[in-house]
2 protein chains.
Amino acid sequence: MGAAGELLIGEVVRTLDERFRLSLPVDLAGPLLAEGSKLVLAKERGGCLSLWSAAVWRPRLDAALDVLRTKLQAGLLAQRVGEVQQAGRLLSARHAAVSLSGRDRLVIPEGFRGFLGVEPGGDVVVVGAAVCVELWHPQAWQQVITAEMPDFRRRLDALTG
Amino acid sequence: MGAAGELLIGEVVRTLDERFRLSLPVDLAGPLLAEGSKLVLAKERGGCLSLWSAAVWRPRLDAALDVLRTKLQAGLLAQRVGEVQQAGRLLSARHAAVSLSGRDRLVIPEGFRGFLGVEPGGDVVVVGAAVCVELWHPQAWQQVITAEMPDFRRRLDALTG
DNA sequence: CCCGCCGTGGGTTTCTTTCCCATTTGAACC
DNA sequence: GGTTCAAATGGGAAAGAAACCCACGGCGGG
């Protein structure tokens, strides 16, 4: 349970509730919640959302903002505020704080539904992506898999070496 | 809760009252009011207004005024009085002191309505921009998002580095 | 074969958001 | 100066959505 706990691995198909609820498999929900119950949902590419432990995501965000604050106080006030503002604006469109309710169930927030592109009652592919959990539109998932799988060996070797 | 308390993050669609009233989501109104009940509404670009805690806005305004004052007294702008005049004029029209009434309701002042470009009964996108809350015309918001989002990763990296 | 866990659906409660109306405030006009 | 009208402000109530909880059914393991 240190900063680098279990790797999130697994691929499961789940159906999206009529109320846009999605229950995560325990294998993924458990490790994900190991670092705290607060989660962050992010828009990746079209047809894909990613779910992060807030404890993992927040340092990245805070680091960026800390740098900004430092620059702000260094004197270039007005311009730098604008940059923080812009970053925050985009951040808002990309991220939302979420939490799981009983049975490890996630409610997809309003603005994220269209982005995922799955209608109520449809299937969602839940994929462990080592550091986060990804939610895929089945069709988009299929495309990514077929496109990137041939390269897999090379990518893995690159990481290993 | 210092000068940099909670980050203002979130994206919500709200409808504008027949009387140009807009109720802010509690998630954004709460942190915004954390530094005091006095707020400042400012014109950003066409189709976008920003709402600041006065405690955050005021230093920025003072800094801008100081710059103007200094330049004037230094005599550097002797033949550019017109520019200073214009800057002062824009500075005046750019912001207005506002406050929220019950239910976190904001009344959009007269001169700001046309700037936002949303007619009564229309939708407004309320966006947290880290240091302030922004009110967007839905169409303008969509344009900005699609235009700037592809660059998002690079922008954030630029800030961090 | 039985038992327990997990995923799914539904009902209920609680809170938020919005519509609508009453009251007050300010100003103009008689 | 008094009265009347218009507009803004505040609050109550209803509609809608979200969170909470429990119960059923299926699948796998013992």
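Naming convention: chains lettered A, B, ... in sequence-line order (proteins, then strands); numbering from 1 in each chain.
- The CG-P distance, from A/Asp17 to C/dG10, rounds to 8 Å in whole Å.
- Residues satisfying the side chain to side chain donor-acceptor pair (under 3.5 Å) criterion with B/Glu148, sequence neighbours excluded, are A/Gln86.
- Comparing the helix axis at one end of the helix from C/dC1-D/dG30 to C/dC30-D/dG1 with that at the other, each defined from 5 consecutive pairs, gives an inter-axis angle of 10° (nearest 10°).
- Between B/Leu16 and A/Asp27, the residue anchored closer to the 5' end of DNA chain C is A/Asp27, taking for each the nucleotide with the nearest heavy atom.
- Rounded to a whole Å, the CD atom of A/Glu18 is 10 Å from the C1' atom of C/dG9.
- The hydrophobic cluster containing B/Leu8 also contains B/Val124, counting ILVMFWY residues as joined when their side-chain heavy atoms lie under 4.5 angstrom apart, directly or transitively.
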What's touching nucleotides 25-27 of chain D from the protein side, N or O pairs under 3.5 Å?
none

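- One atom, CZ of B/Phe20, and another, P of D/dT9, lie 13 Å apart when rounded to the nearest Å.
- Counting Ile, Leu, Val, Met, Phe, Trp and Tyr side chains that sit under 4.5 Å apart, directly or through other members, B/Val12 stands alone, with no cluster partners.
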Every protein N/O lying under 3.5 Å from an N/O of nucleotides 11-13 of chain C:
residue: C/dG11; atom: N7; partner: A/Arg19; partner atom: NH2; Å: 3.2
residue: C/dG11; atom: O6; partner: A/Arg19; partner atom: NH1; Å: 2.5

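- A salt bridge (Lys or Arg N to Asp or Glu O under 4.0 Å) check over residues 132-147 of chain A, counting only residues at least two apart or in different chains, returns nothing.
- Pairs of residues two or more places apart, or lying in two chains, never qualify as ring pair (Phe, Tyr, Trp, His ring centres under 6.0 Å) while including a residue from residues 15-44 of chain A.
- When all heavy atoms of B/Ala130 and A/Gly88 are compared, the pair lying nearest together is CB-CA, 3.8 Å.
- Counting only residues at least two apart or on different chains, the ring pair (Phe, Tyr, Trp, His ring centres under 6.0 Å) pairs with a member in residues 80-137 of chain A are A/Trp57-A/His95, A/Trp136-A/Trp141.
- Heavy-atom minimum distance, A/Ala93 versus B/Ile145: CB-CD1, 3.5 Å.
- Among residues two or more places apart in sequence or in another chain, the side chain to side chain donor-acceptor pair (under 3.5 Å) test is passed with A/Arg154 by A/Asp151.
- Residue A/Leu16 comes nearest to A/Val118 through the heavy atom pair CD2-O, 3.6 Å, listed as atom of the first residue, atom of the second, then distance.
- The hydrophobic cluster analysis finds A/Val26 isolated: no Ile, Leu, Val, Met, Phe, Trp or Tyr side chain comes under 4.5 Å of it, directly or through other members.
- Minimum interatomic distance between A/Arg14 and A/Leu24 (heavy atoms only, all atoms of both residues): NH1-C, 3.6 Å.
- Remark: A/Thr15 is in phosphate contact with C/dT8, judged by side-chain N or O atoms under 4.0 Å from OP1 or OP2.
- When the P atom of C/dT16 is taken as reference, atom CG of B/Leu28 falls 14 Å away, rounded to whole Å.
- Of all the residues in residues 98-114 of chain A, A/Arg103, A/Arg105 reach under 4.0 Å from DNA chain C with at least one non-hydrogen atom.
- C/dC19 atom P lies 12 Å from atom CZ of B/Arg14, rounded to whole Å.
- Residues that satisfy the salt bridge (Lys or Arg N to Asp or Glu O under 4.0 Å) test with B/Arg113, not counting sequence neighbours, are B/Glu110.
- For A/Ser23 and C/dT8, the shortest distance from a side-chain N or O to OP1 or OP2 is below 4.0 Å.
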